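Read the structure below first, then the notes.
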Amino acid sequence: MHVIMLGAPGAGKGTQAEILSQQTGLPHIASGDLFRQALAERTEIGLLAREYMDRGELVPDEVAIVMILDRVSNPDCEAGCLLDGFPRTLQQAEALDRALSEHGKGIDKAVYIEVPDDILVKRLSGRRLCRVCQRPYHLLSAPPKAPGKCDRCGGELFQRSDDSEETVKERLGVFFAQTMPMLGYYERQDKLIRVDGSREIQAVAADIASALRAAIQ
Ligand code: AMP
């Protein structure tokens, strides 16, 4: 099963993909995490991606496509995967379909997590991540047990530099201009599932699980 998680920054794609990954055993692949990891390792892709990420812009399609297709070709994705943050443009969606179809595979469903703008901004400004395992927290709605420390691995929590107010505005603009138009691509193929992402994490997760169950039966 190949599932795409779609939504604006702060919609909860990563949180929901992680829950779904635990339920299905499928790997959760987050393009933003791959870029941040590449940057931490100071690889060519990481250093190239950095300037775009710092500005809140999309990394060029050809770079994002090569990176994700390489990851998706790993043996752990043989039975499928949960893609979070990719594709973000029509070109990326088409490249992914071409690559999967070469192996007789395809996207089963694209889950679009809808959240109003004002909630997105609040979520992003309070978001903190574990530097070690990337687990997300929120200062108000999902704080860690010990301030500044990850519950799971004890790693240090940090705020992503692109979660600053100015860059968040840019990222939301990029989502509406470049990613929203791509929703039609999956809608036309009858693969789009819309979920109200403004509610509690577990309520959203239950909706996604039941919509996917109904879709694959
Ligand atoms: P995210 O963690 O998904 O919010 O992504 C952080 C940043 O990584 C984005 O603002 C982009 O600069 C870059 N990025 C992540 N995924 C993609 C993608 N599919 N295409 C282009 N740039 C991406």
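Position 1 is the first residue of the sequence; numbering continues from there. Just follow the structure's listing: the first ligand is 1, and inside any ligand the first atom is 1. The figures that follow rest on heavy atoms only: side chains count, while hydrogens, waters and symmetry mates do not. Everything numeric in this text was worked out from a predicted model, so none of it was measured.
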**OP:** Evaluate the criterion salt bridge (charged side-chain N to carboxylate O under 4.0 Å, His left out) for residue pair Arg128 and Asp163; output intermediate values, then yes/no.
**Re:** CA-CA 9 Å; Arg128 298 292 182 273; Asp163 279 348; over 6 Å; no
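Clustering ILVMFWY residues whenever any of their side-chain heavy atoms sit less than 4.5 angstrom apart, transitively, puts Met180 in the very cluster that holds Leu90.
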I'd like a table of the close N/O pairs between ligand 1 and the protein (anything under 3.5 Å), one pair per line with both atom names and the distance.
{"unit_1": "ligand 1", "atom_1": "2 (O)", "unit_2": "Arg36", "atom_2": "NH1", "d": "3.1"}
{"unit_1": "ligand 1", "atom_1": "2 (O)", "unit_2": "Arg36", "atom_2": "NH2", "d": "3.0"}
{"unit_1": "ligand 1", "atom_1": "2 (O)", "unit_2": "Arg160", "atom_2": "NH1", "d": "3.0"}
{"unit_1": "ligand 1", "atom_1": "2 (O)", "unit_2": "Arg160", "atom_2": "NH2", "d": "3.3"}
{"unit_1": "ligand 1", "atom_1": "3 (O)", "unit_2": "Arg88", "atom_2": "NH1", "d": "3.1"}
{"unit_1": "ligand 1", "atom_1": "3 (O)", "unit_2": "Arg88", "atom_2": "NH2", "d": "3.1"}
{"unit_1": "ligand 1", "atom_1": "4 (O)", "unit_2": "Arg88", "atom_2": "NH2", "d": "3.4"}
{"unit_1": "ligand 1", "atom_1": "4 (O)", "unit_2": "Arg160", "atom_2": "NH2", "d": "3.0"}
{"unit_1": "ligand 1", "atom_1": "4 (O)", "unit_2": "Arg171", "atom_2": "NH2", "d": "3.2"}
{"unit_1": "ligand 1", "atom_1": "12 (O)", "unit_2": "Glu57", "atom_2": "O", "d": "2.6"}
{"unit_1": "ligand 1", "atom_1": "16 (N)", "unit_2": "Ser31", "atom_2": "OG", "d": "2.7"}
{"unit_1": "ligand 1", "atom_1": "16 (N)", "unit_2": "Gly85", "atom_2": "O", "d": "3.4"}
{"unit_1": "ligand 1", "atom_1": "16 (N)", "unit_2": "Arg88", "atom_2": "NH1", "d": "2.9"}
{"unit_1": "ligand 1", "atom_1": "19 (N)", "unit_2": "Gly85", "atom_2": "O", "d": "2.9"}
{"unit_1": "ligand 1", "atom_1": "19 (N)", "unit_2": "Gln92", "atom_2": "OE1", "d": "3.0"}
{"unit_1": "ligand 1", "atom_1": "20 (N)", "unit_2": "Gln92", "atom_2": "NE2", "d": "2.9"}
{"unit_1": "ligand 1", "atom_1": "22 (N)", "unit_2": "Val59", "atom_2": "N", "d": "3.0"}

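Sorted by first and then second residue, the pairs that involve residues 108-125 and meet salt bridge (charged side-chain N to carboxylate O under 4.0 Å, His left out), not counting sequence neighbours, are Glu114-Arg194.
For Gln92, the side-chain contact (heavy atoms from CB on, under 4.5 Å) test picks out Asp61, Ala64, Ile65, Phe86, Pro87, Arg88, Thr89, with sequence neighbours left out. The side-chain contact (heavy atoms from CB on, under 4.5 Å) search around Ala211 returns Ile193, not counting sequence neighbours.
The closest side-chain donor-acceptor pair between Asp162 and Tyr52, if any, does not fall under 3.5 angstrom.
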